Amino acid sequence: QVQLVESGGGLVQPRGSLTLSCAASGLFFSAYAMHWYRQAPGKERELVATIRSDRTTNYADSVKGRFTISRDNARNSVYLQMHSLKPEDTAVYYCNCPAYTSWGQGTQVTVSS
């Protein structure tokens with residue numbers, strides 16, 4: 001059974017930074033792409049960033065140049081470094097492996113002064 005556990009969220013001021021972590025288990029982690037999604041209140045879940053098994057990456061236009069996705073296959077973990085945060089980045093952030101339907105509980109990021 002695939003399990004995903006996100007952590008690292010919190011309250012941060014505009015223009016601040018946070019790094020999110022996601023620990024995965026129950027899958028051959030290094031073989032799969034991993035996504036970070038987010039969902040703001042009243043909005044649909046949005047794909048934020050993707051990192052493939054070859055470490056190539058893609059980003060939503062709204063976060064390009066501010067967010068960086070990375071992975072550590074030895075730790076079965078994926079990370080999301082977030083800089084220059086804006087109030088519109090406020091959301092619950094989730095990691096996901098597209099090969100599976102499992103979701104974690106998410107981690108709340110709130111950007112506010």
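Please read these numbers as outputs of a predicted model, since none were measured by experiment.
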Any non-hydrogen side-chain atom of Met82 less than 4.5 Å from a side-chain atom of Val109?
yes
Quick check: do Val63 and Arg38 have side-chain heavy atoms less than 4.5 Å from each other?
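Yes, their side chains come closer than 4.5 Å.
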Would you compute the distance between atom NE2 of His35 and atom CD1 of Ile69 and round it to the nearest 0.5 angstrom?
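His35 NE2 to Ile69 CD1: 9.0 Å, rounded to 0.5 Å.
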Within this structure, what is the OH-CD distance for the pair Tyr93 and Glu46, rounded to the nearest 0.5 Å?
8.0 Å
Do Phe67 and Tyr79 belong together in a cluster built from hydrophobic side chains that touch within less than 4.5 Å?
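No, no single cluster joins them.
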Shared hydrophobic cluster for Leu4 and Val92 (ILVMFWY, side-chain gaps under 4.5 Å)
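Leu4 does not cluster with Val92.
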Between Asp61 and Lys64, is the closest basic N to carboxylate O distance under 4.0 Å?
yes
If I compare all heavy atoms of [X] with all of [Y], which pair ends up nearest, and what's the gap?
{"X": "Tyr59", "Y": "Ala49", "result": "CD2-CB, 3.7 Å"}
{"X": "Val78", "Y": "Cys95", "result": "CG1-CB, 4.2 Å"}
{"X": "Ala40", "Y": "Ala91", "result": "N-CB, 3.8 Å"}

Short question: side chain of [X], backbone of [Y] - any donor-acceptor pair under 3.5 Å?
{"X": "Arg55", "Y": "Arg71", "value": "yes"}
{"X": "Asn96", "Y": "Ser102", "value": "yes"}
{"X": "Gln105", "Y": "Glu6", "value": "yes"}

Take atom CD in Glu44; do more than 12 heavy atoms of anything else shown fall under 6.0 Å from it?
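No - once you tally the heavy atoms of other residues, nucleotides and ligands closer than 6.0 Å, there are 12 at most.
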Look at the rings of Trp103 and Tyr37 and say which category their plane angle falls in: under 30° parallel, 30 to 60° tilted, over 60° perpendicular.
perpendicular
Checking side-chain contact (heavy atoms from CB on, under 4.5 Å) against Trp36, which of Thr50, Leu80, Leu47 comes through?
Leu80
For side-chain contact (heavy atoms from CB on, under 4.5 Å), just list the numbers for Glu88 and Ser62, CA-CA rounded to whole Å, side-chain angles, deciding distance to a tenth of an Å, and then say yes or no.
CA-CA 10 Å; Glu88 51 264 43; Ser62 58; over 6 Å; no
Atom pairs and distances, side-chain donor-acceptor, residues 10-34, under 3.5 Å, sequence neighbours left out:
unit_1: Ser17; atom_1: OG; unit_2: His83; atom_2: ND1; d: 2.9
unit_1: Tyr32; atom_1: OH; unit_2: Tyr100; atom_2: OH; d: 3.3

